[in-house]
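Structure, as structure tokens:
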Amino acid sequence: MITLTIAIFLLGIIIVGLLNRYPKAAGVIAFFVSLIPFFALLSWSSVMNISLPSYLHFLNFETSWQYNLGPGTLILQITPLGWFFLLLLSSLFPMVILFSISFFRSNAGGFYAAMLLTMLGSFGILLAQDMLTFYIFWEIMSWSILALVIRGGDRKAIVSYLSFGALSAMLILFGFMLLYFKTGTYVFAEMHLDASNLVLAAISLIVSGFAVKGALMPMHVWAPHVYSKSEEPFVAFLSGGLSKLGYFGIMLFMYGVVGFSLLSSWGTFRGVPLFGYTLAVVGAFTAFAGTVLAVMQDDLRKLLAYSSIGQLGYITIGLGIGTPLAITGALFQALNHTFFKAVLFLAAGAVYYRTGKYKISELGGLGYKMPFTFLATLFSIFALAAIPITSGFAAKWLLYEAAIEKKFLFVTPIMLIAGVGAFLYAYKILYGVFLGEPRYDVKEAPLSQLVPMWILVLPLIIFLIFPGWFVDLTAPILQGYGMTAIPHTPFMINTSLAKYNTLAVIFGFIGTLLFAFILYKSKPQERVEHLDNYLAGEPPELYNYNIAMHASSKYYEPFDEVFYPYFKKGAERMWEIILAAGEVFGSGARKIYTGIVGDYSIYILLFFLIMVGWWLLW
Amino acid sequence: MVNYIDLTIQILVAMGVTALGFAIGMLFNGIARKITARIHNRVGPPIYQGYIDVLKLFTKKTNISHGWIFDFAALFSVAGIALTFLFLPVAGVTLLSGEGDIFLILYLLAIPALGFALGAGASGNPNAAVGIMRALMTMLAYELPLVMVIIAMMVYYDTTSLAVIVQKQANMQWAIFIPVFFIGALVADMALQGMLMEKPFDIPIAPHEIASGPMVEFGGKHLGALMLYKMMGIVVETTLFVDLFLGGGVVLSVSQFGWLAYLVNFIVWFLLILFVFFIALLINAVFPRFRIEQALKFYWKYDAIVGILILIWIFVGVTI
Amino acid sequence: MMAKELFPEAQEIRKGRIRIETQKDKVGEIIKKLKDNGYEHFVMLSCVDWIKEGKFELVYQMWSYQYKEHVMISIKINRDGESMLSMRHLFPQIETYEREIHEMFGVNFIGNPNLKEFILEGWPHMPPMRKDFDTEKFVKDFYYKIPEVKEE
Amino acid sequence: MTIQKEFELFIGPNHPGATGNMSYHIWVEGDKVKKAETRVGYLHRGFEKLMEKRIWMQNVPLVCRICVPEPDVNEAAYSMAVEDLMGWEIPERAKYIRTIILEMARIGAHLLTVGGIAASLGIYTAAQWGVGDRDYLLDVFEEITGARVYHIYIWPGGVRWDLPKNAKELITKVLDYLESRLPLYDDLIMNNKVFVRRAADVGVVPKDKAVEWGVTGPNLRAAGYEYDIRKLEPYAAYDKIDFEVPYYPKLGEYEVLSEGSDIYTRTAIRMLEIQQSIKIIRQALKDMPEGDVILKHPQWFAWKVPAGYAYTHVESSKGEFGYFVVSDGGKKPVRVHVRGPSYTHGINVLETIAPGLNIADFAPTAISLDVCPPDIER
Amino acid sequence: MNHENWSKLARIMSKRSLWMIHFCTGCGAMEMPPVMTSRYDMERFGMHAMATPRQADVFLVTGYLAVKTLKRVVQVYEQMRDPKYVIGFGSCTINGGMYWDSYNTIKDLSKYIPVDVYIAGCMPRPEAIMDSFLKLFDMIDKGEAIGWQKYHKYYDQYKRNQRMAFSYRLDEVKDIKEDDKE
């Protein structure tokens with residue numbers, strides 16, 4: 001049936017591509033095609049020890065599939081890890097397509113075609129059982145994303161995506177080559193690795209390659225450009241879904257192919273492999289720097305892009321620590337991030353659809369005009385800021401617990417501060433876009449945009465109440481790595497350090513809310529106009545009811561003033577060193593500092609090549 | 001089977017404790033104003049002034065609203081702070097979730113703050129928006145040294161649970177008697193000053209600058225709810241400090257002394273939070289307020305450096 | 001140099017008080033000269049309504065910290081509609097004084113863009129500081145005639 | 001639709017940061033003031049118009065209402081203007097009494113201002129103490145003049161009546177008390193590290209522009225000019241009294257911590273002036289001769305003041321207070337024009353230096369310039 | 001609790017916790033700092049100054065009101081929430097005081113907003129101010145401080161008077177007079 005699926009996908013791509021002039025029809029067809037991965041997911045749920053209800057038994061996708069391709073065999077097979085990431089992608093994908101139907105007014109066929117192709121690529125990646133398959137589908141995905149980036153039409157975005165995509169692919173390819181050179185096989189299951197430096201080099205290269213896709217800090221440069229200059233529904237899918245593929249890759253190779261014991265053989269620090277430790281530190285730095293940069297942004301999409309970088313940093317920390325607790329936390333964070341970031345990007349799309357603006361300082365007061373969009377955003381922001389009334393908190397909590405358990409004394413404060421920093425930019429979105437002075441007289445977003453947003457909010461609420469269900473999902477994945485799932489009941493998670501009981505939180509919250517409500521409902525109230533406001537006594541009619549009262553431009557100016565010099569100085573210093581080094585090679589080397597993103601990526605590539613060469617010689 | 005009688009008793013006790021928390025908060029408001037007045041060479045209001053003020057606000061004849069998001073603020077603030085109080089070990093007793101996890105408490109504390117921020121933003125007043133900006137930045141500023149100290153304690157006591165930390169400090173083995181945590185307590189006390197929004201960190205509400213900031217549009221019952229939030233906030237934040245460093249006020253063990261222990265512990269806890277609050281008030285009375293970036297620099301330079309030293313101390317101590 | 005030396009026509013009212021009567025086109029020149037010669041503090045700009053002569057007297061007053069001397073440069077302009085050149089480029093605070101005199105006496109200052117409402121708000125009558133505006137009559141006709149709130 | 005980046009804030013009239021009934025309309029982007037406009041006129045009573053309607057003597061109760069925190073300087077300046085036109089020389093004892101009264105008023109006003117500056121930066125204790133201590137001065141005023149705030153004690157021709165017999169003890173007692181309090185103020189305000197951080201190099205009036213912009217009084221001295229009308233053109237008994245004029249960088253016991261002309265220096269100058277005033281009053285009490293306190297003049301209500309122009313100025317706690325009085329020889333003045341120091345400080349200077357200030361620094365800057373709205377709009 | 005008891009409680013609470021609006025309308029504001037500080041200390045009665053009208057209960061109109069200020073006073077008064085009280089401060093609010101012939105100050109405050117308590121004097125001593133507070137307490141206790149109810153009841157008349165004053169136009173005053181006769 002996988003063959004059939006691929007055929008349907010390809011057929012769908014051709015049809016929607018041809019239907020370019022009928023965007024609505026193309027959208028509807030794409031939507032139905034996009035549901036297929038979800039059904040496949042359902043039929044494979046036995047991998048996760050979930051039994052399907054009998055009326056769904058007609059879904060009968062085979063769990064593995066092979067195709068002989070000359071030099072090697074393409075092997076596709078469902079694994080628990082693949083299933084988990086497929087869950088994220090396949091539930092996000094139809095919603096994004098549904099959102100796009102009303103979002104695009106013309107010229108959408110290409111979009112749907114490329115989206116379907118992207119999904120096909122990621123489908124393959126998640127099922128791939130050998131490096132060849134993996135790489136082929138990786139390229140399919142990357143190139144179809146490029147098509148979507150090109151649709152955004154921003155040169156800088158295209159160049160930066162292209163160069164960083166190439167860099168990523170090269171790093172991965174190089175790592176694969178080293179692995180093949182070492183083991184002589186493409187198939188993951190047949191690899192027998194030892195603790196040699198070559199393997200370490202290979203895994204470092206592969207992880208760095210995936211980190212580019214996951215927008216980890218030194219290699220994050222492409223993400224803000226692409227996120228802020230592409231079409232909204234695609235960005236929602238890219239940030240929410242596709243960025244997880246990088247983490248899928250890291251997990252697959254770090255824990256699936258190499259394994260925890262082999263990682264430890266390259267040195268450990270307090271029971272954590274040094275490799276993972278480095279990754280965790282980089283992740284913490286990413287979380288912090290991404291947050292700080294997000295606070296400084298004025299463009300809504302750029303803010304969300306940096307916020308993505310920051311939030312994905314948490315996943316890296318979890319993967320780096322590598323205990324069952326940490327991996328559960330990382331996966332939970334991946335799930336949360338998929339949904340809340342998608343909702344936020346879709347909400348940004350809806351706001352743009354109604355107002356035509358992306359700059360936070362130019363928006364304002366939409367909360368009463370678009371209440372459902374606002375509420376969906378609010379829920380996502382609660383999840384983003386880890387407020388304990390959405391599932392966002394559980395993920396962060398698991399990561400903190402994992403860090404404390406392993407005595408990450410210096411990483412944990414940075415994680416926590418990045419968490420507090422998230423309040424800052426979260427409030428910037430809320431205030432700048434939805435609260436404050438009503439500047440636009442617009443209607444609520446159309447229903448076909450609201451429905452996907454609200455469906456995507458649902459998991460955040462479900463996993464708030466039943467975090468234990470999530471831990472159940474992680475159990476087969478951890479089993480594959482020889483670990484056991486953390487102790488839990490549906491409402492409670494236990495760790496060696498503390499317990500997290502959602503029932504207490506929820507019932508406590510509902511109870512106190514009721515208490516507050518009774519207290520509060522005691523008196524009547526009247527609604528007043530926006531301008532009937534404290535103006536230090538000045539009557540607004542004297543100013544013709546024309547007083548600017550929205551403070552969102554440069555909202556965190558003192559913050560920017562404190563942090564901007566450090567970020568600026570840091571970058572300048574780095575380039576000064578590079579220039580000084582360039583001086584050695586002659587006067588022409590001054591051209592190194594060109595300010596073009598593509599060039600920088602080549603420098604990074606060179607750096608890695610030098611590093612690899614050094615490893616090989618050593 | 002759920003034991004309904006137990007559950008009912010638990011709910012009643014929770015309501016009672018919440019009410020008690022609010023009562024103590026309002027009392028603290030009166031005490032604070034009295035002490036400040038004495039420093040000002042004044043007589044000051046009666047000690048029960050807090051109760052009168054809140055009751056008056058709730059008995060106002062008319063109230064205004066800027067829409068449902070604005071109303072949301074009051075609800076969220078009161079509910080959030082009461083919830084936080086229920087999760088805190090008070091005099092060694094925690095009502096909800098016996099473990100009292102610190103991360104949970106830190107994040108629960110954000111619920112009322114965020115609700116308040118939403119309401120202030122919904123009022124549409126720029127003063128309120130600037131006030132919230134300052135409040136969030138102050139929060140960012142004081143959290144860094146605070147979490148450093150707290151994480152040092154977590155690693156030292158090998159738990160993230162406040163209740164366990166309180167338990168481990170029983171028999172007067174208070175954290176503050178350990179030299180490193182004595183320094184930690186000083187750092188945390190400065191952070192507490194910011195948490196309580198007392199000078200020099202009362203930047204968010206600075207009346208001379210932004211006319212009481214976020215509260216600018218709140219009146220009547222909305223303001224009453226916010227005052228409850230602020231007053232209870234004092235109790236919650238001082239209790240957090242007392243739980244961390246002063247053993248939570250637990251001086252007698254419940255297993256030995258029974259109900260007497262509850263009573264004595266409760267009184268000791270009350271005196272301790274009063275003492276902590278008193279220090280905050282004294283600092284409040286004689287200092288001007290920082291500018292917001294100065295506060296950020298103060299916390300992230302001086303306080304955080306001490307925090308890092310404490311972390312290094314614990315780091316070395318744990319490794320060896 | 002002291003004012004007496006700079007302008008021989010200046011008369012000394014008493015010690016430290018100099019009065020220069022001049023024409024309106026020379027004011028700028030005189031102020032500039034005084035400013036350059038140690039009279040660096042512009043005290044104020046006053047207007048006197050000489051209703052019998054039909055003139056407004058504008059008095060530019062300057063003070064020298066160095067010579068401890070106060071100079072009043074006085075010009076007269078017609079009451080009905082004659083305007084005066086603005087001196088705001090010499091001392092920035094003159095702008096405000098001109099704005100006030102414009103509002104209170106109705107003198108127009110050419111070259112001052114900022115002659116908007118200053119102290120009064122929505123004043124529909126003649127500028128109130130003019131001698132022919134009878135404040136007592138206005139009060140009787142206006143404020144005392146506003147009815148009391150009748151309670152049933 | 002064009003979107004304005006700045007938002008507008010009104011500091012006043014109903015705002016704790018406004019000094020009295022006035023309003024600053026500021027345009028802010030982020031945290032920085034981009035533009036400021038002073039709005040005045042909320043206190044306009046048309047004094048100058050009313051004075052033209054009243055006879056010379058009736059105007060004395062009016063003028064003192066022009067500056068509320070320090071009414072005596074108005075009485076003094078107006079009286080001096082009338083005396084100037086009349087060609088009177090007032091009795092020696094009256095001059096000393098005027099000196100004492102004016103200096104006491106200065107102390108009171110400075111206590112208010114210093115307390116106000118401190119309160120605007122958050123030390124409410126200082127404001128409470130300042131106002132509380134000022135009340136003891138008001139008690140002495142009440143004993144001498146019969147009124148707490150508007151004394152109407154200084155008249156053209158001298159002062160209304162002699163000091164009471166116990167005046168010396170009363171005044172000395174208050175001065176001793178104040179002197180004992182000053183170190184506390186120093187500890188609370190001037191030596192407070194946080195205060196210095198907030199106040200130093202904030203709200204700077206450019207030194208080279210200060211005179212040109214018409215800055216006077218303590219604000220000018222904070223900018224580094226030793227200009228004081230009490231020294232330049234002594235009135236009352238100031239020429240016979242030995243005192244110093246504190247100015248930047250001669251800040252006496254206070255450290256020079258900034259470039260001057262900022263909130264910190266302005267506060268320091270005021271604190272030093274309180275000390276000097278105490279010194280002046282003590283001297284005046286010691287040197288005061290016996291004799292009449294008012295000219296014997298027959299017809300209080302039938303003065304005909306000779307025609308002429310008079311300008312008199314006094315050094316008030318805020319700066320130069322000047323009265324321009326024109327008489328045509330009649331029973332009523334033709335024109336009385338008051339130059340209040342706040343006129344330039346509050347409008348021109350503040351509007352010019354405001355762009356670039358933080359919101360947090362705006363109100364302290366305005367208060368440290370000692371802007372008092374009634375003398376702007378009269 | 002029945003309605004009567006409830007409103008009695010409300011009155012007691014509102015009397016013991018009068019928050020004053022921080023608005024220095026005239027020179028009478030000069031005696032407010034002494035009242036607020038150590039000598040007289042009005043916080044003994046639970047009174048203290050509030051920055052914004054939404055939070056305040058009592059409005060001290062401290063002295064004469066220029067028409068320009070009256071506009072702001074009315075705006076602030078309308079933003080205050082019921083029950084709210086007004087204290088007219090000094091002779092100027094009663095009949096214009098020494099500014100009886102000034103073209104820019106209103107002469108009788110009660111024509112524009114309802115005043116609960118007047119204090120005579122120019123300026124009133126702090127003792128007088130404290131006395132007025134006690135008087136106001138007494139009135140609230142007895143339910144006599146009903147200025148805010150009057151404002152609702154005779155809203156049209158107050159608004160008309162305010163409009164007339166704001167316009168400064170003599171003809172508008174006359175027109176209304178004629179209307180009244182009819």
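Note that the structure is a prediction, hence the values are computed from the model and not measured. In what follows, chains carry the letters A, B, and so on, assigned in the order in which the sequence lines appear, proteins first and then strands, with residues in each chain numbered from 1.
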**Q.** chain E contact via D:Leu62 - which portion, at a heavy-atom distance below 4.5 Å
**A.** both
Q. For the residue pair E:Arg72 and D:Pro13, what are the closest heavy atoms and their distance?
A. CG-CG, 3.7 Å
(Q) Can you see whether D:Tyr136 has E:Arg39 sitting over its ring - NZ or CZ less than 6.0 Å from the centre and within 45° of the normal? (A) yes
Q.
Donor-acceptor pair, distance only, cut-off 3.5 Å: does the side chain of E:Lys68 make one with the backbone of D:Val40?
A. yes
Q: List the steps and the verdict of salt bridge (Lys or Arg N to Asp or Glu O under 4.0 Å) for D:Glu142 and E:Arg125.
A: CA-CA 11 Å; D:Glu142 202 173 355; E:Arg125 297 177 57 83; 2.3 Å; yes
**Q.** Heavy-atom proximity to chain E below 4.5 Å, by part of D:Arg39
**A.** neither
Q. If you measure from CG on D:Asn21 to CZ on E:Phe23, what distance do you get to the nearest 0.5 Å?
A. 5.0 Å
Q: Determine the minimum heavy-atom distance between E:His22 and D:Pro16, stating which atoms define it.
A: CE1-CA, 3.7 Å
**Q.** Gap separating the OH atom of E:Tyr64 from the CZ atom of D:Arg45, nearest 0.5 angstrom
**A.** 3.0 Å
Q: For D:Leu43 and E:Thr69, work out which heavy atoms get closest and say how close.
A: N-OG1, 4.4 Å
Q) For D:Gly41 and E:Ala66, which heavy atoms make the closest approach, and how far apart are they? A) O-CB, 4.2 Å
Q. Contact part of D:Leu50 toward chain E, heavy-atom cut-off under 4.5 Å: side chain, backbone, both or neither?
A. side chain
Q.
Just checking E:Tyr99 against D:His44, ring centres under 6.0 Å apart?
A. no
Q: Check E:Met98 against D:Pro61 and note the closest heavy-atom contact, atom names and distance.
A: CE-O, 3.8 Å
Q: Let me know if E:Ala51 has heavy atoms under 4.5 Å from chain D in its side chain, its backbone, both or neither.
A: both
Q) Given the options E:Ala29, E:Ser38, E:Pro34, which has more heavy-atom pairs under 4.5 Å with chain D than any of the others? A) E:Pro34
**Q.** chain D contact via E:Glu31 - which portion, at a heavy-atom distance below 4.5 Å
**A.** side chain
**Q.** Option in D:His15, D:Arg148, D:Met22 with maximal non-hydrogen atom pairs under 4.5 Å from chain E
**A.** D:Arg148
